[in-house]
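Below is one structure, written out as structure tokens; the observations come after it.
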Amino acid sequence: GGSPDTDPAAWLLGPGLDLLFGRWLATLDPVDRDLLVRCSVLDTLTPDACDWILERSDSAVRLAGLSEAQVVAPPVGALGFQYRAHGLLQEYLRRQLSARGRQANAQAHGAAGLWLAAQGDVDSAVTQLLDAGQIDKAREVFDVSGAGDTVIATLGTLAAAGASLDVAVRIANEAAGVVVGKLGAS
């Protein structure tokens, strides 16, 4: 970690973070502290994303209170419901999440990945799912083969099998509907 006199940057990113945030974080309401730590995997905190990760429905009120107390930055964005923590605080909170163990870390990243995938943010979702150790789910989210490929493949297969055009089109349309409904398909 260095010392503040010989290597201030290393000290700040090591024991300095504990000095800056440790006691202060302990003074927060435990529910707010849990929200900040578990949702620290997100770059931007939104009520819906935090509710998803935490499996509860009070994040809008909690984030507004944390913003009012100047724990997180005031809302940004067109809708006004996106909050951010200072970079050093976010780093400290992520370390606190890691200290909770592999399972807590994987759960937070996995939930964030599924949330981001549902919002269409494939790149961030894949990163979160990989951080959670969910390689198969990340692969599923990244799989962008979609309805068009499915229609062509199904039509070709059914035509080769001797199905009528009407039957082949109906089945190909149903197959495309299944693919579009899968996470990650486009």
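Every heavy atom of this structure was used, including side-chain atoms; hydrogens, water molecules and symmetry mates were not.
- Evaluated for a side chain to side chain contact (heavy atoms under 4.5 Å, CB included) with L17, the options L89, L93, L88 yield exactly one hit, L88.
- When the side-chain hydrogen bond (donor to acceptor under 3.5 Å, both in side chains) test is applied to R95, the partners found at least two apart in sequence or on another chain are E91.
- Residues that satisfy the side-chain contact (heavy atoms from CB on, under 4.5 Å) test with A125, not counting sequence neighbours, are L116, A117, V141.
- For I135, the CD1 atom counts as loosely surrounded, since its 6.0 Å shell holds 12 or fewer non-hydrogen atoms of other residues, nucleotides or ligands.
- Between the side chain of R84 and the backbone N or O of A73 there is no donor-acceptor pair closer than 3.5 Å.
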Chi angles and distances behind the side chain to side chain contact (heavy atoms under 4.5 Å, CB included) call for L35, L66
CA-CA 10 Å; L35 179 150; L66 289 166; 4.2 Å; yes
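- Within 6.0 Å of atom CH2 in W52, 12 or fewer heavy atoms from other residues, nucleotides or ligands are found, so the atom counts as exposed in its surroundings.
- Looking at heavy atoms from C-beta onward, D32 lies out of side-chain contact with V71 at the 4.5 angstrom threshold.
- Closest heavy-atom contact between V37 and L25: CG2-CD2, 4.4 Å.
- Smallest separation of non-hydrogen atoms from A108 and R38: CB-O, 3.5 Å.
- Counting heavy atoms from C-beta outward, D43 and Q90 have side chains that approach closer than 4.5 Å.
- Put simply, CZ on R94 and NE2 on H109 are 7.5 Å apart, with the number rounded to the nearest 0.5 Å.
- Annotation: side-chain contact (heavy atoms from CB on, under 4.5 Å) contacts of V31 (sequence neighbours excluded): D29, R56, D58, R62.
- Other residues sharing the hydrophobic cluster of V167, ordered by chain and number and joined by side-chain separations under 4.5 Å: L158, I171.
- V41 has its side chain out of reach of D131: every pair of non-hydrogen atoms, C-beta onward, lies at least 4.5 Å apart.
- Between Q96 and L36 there is no side-chain heavy-atom pair separated by less than 4.5 Å.
- Closest approach of N105 to S98, counting heavy atoms only: ND2-OG, 4.1 Å.
- What you find for S67 and Y83 is that their closest heavy atoms are CB-CE2, 3.5 Å.
- The two atoms that bring D51 and S59 nearest to each other are OD1-OG, 2.7 Å, heavy atoms only.
- In this view, T157 satisfies the side-chain contact (heavy atoms from CB on, under 4.5 Å) rule with no residue, not counting sequence neighbours.
- Residues passing the side-chain hydrogen bond (donor to acceptor under 3.5 Å, both in side chains) test with S40: none are found, sequence neighbours excluded.
- Between A138 and L130, the closest heavy-atom pair is CB-CD2, 3.8 Å.
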Run the numbers on L63 and F81 for side chain to side chain contact (heavy atoms under 4.5 Å, CB included), then give the verdict.
CA-CA 9 Å; L63 286 167; F81 295 112; over 6 Å; no
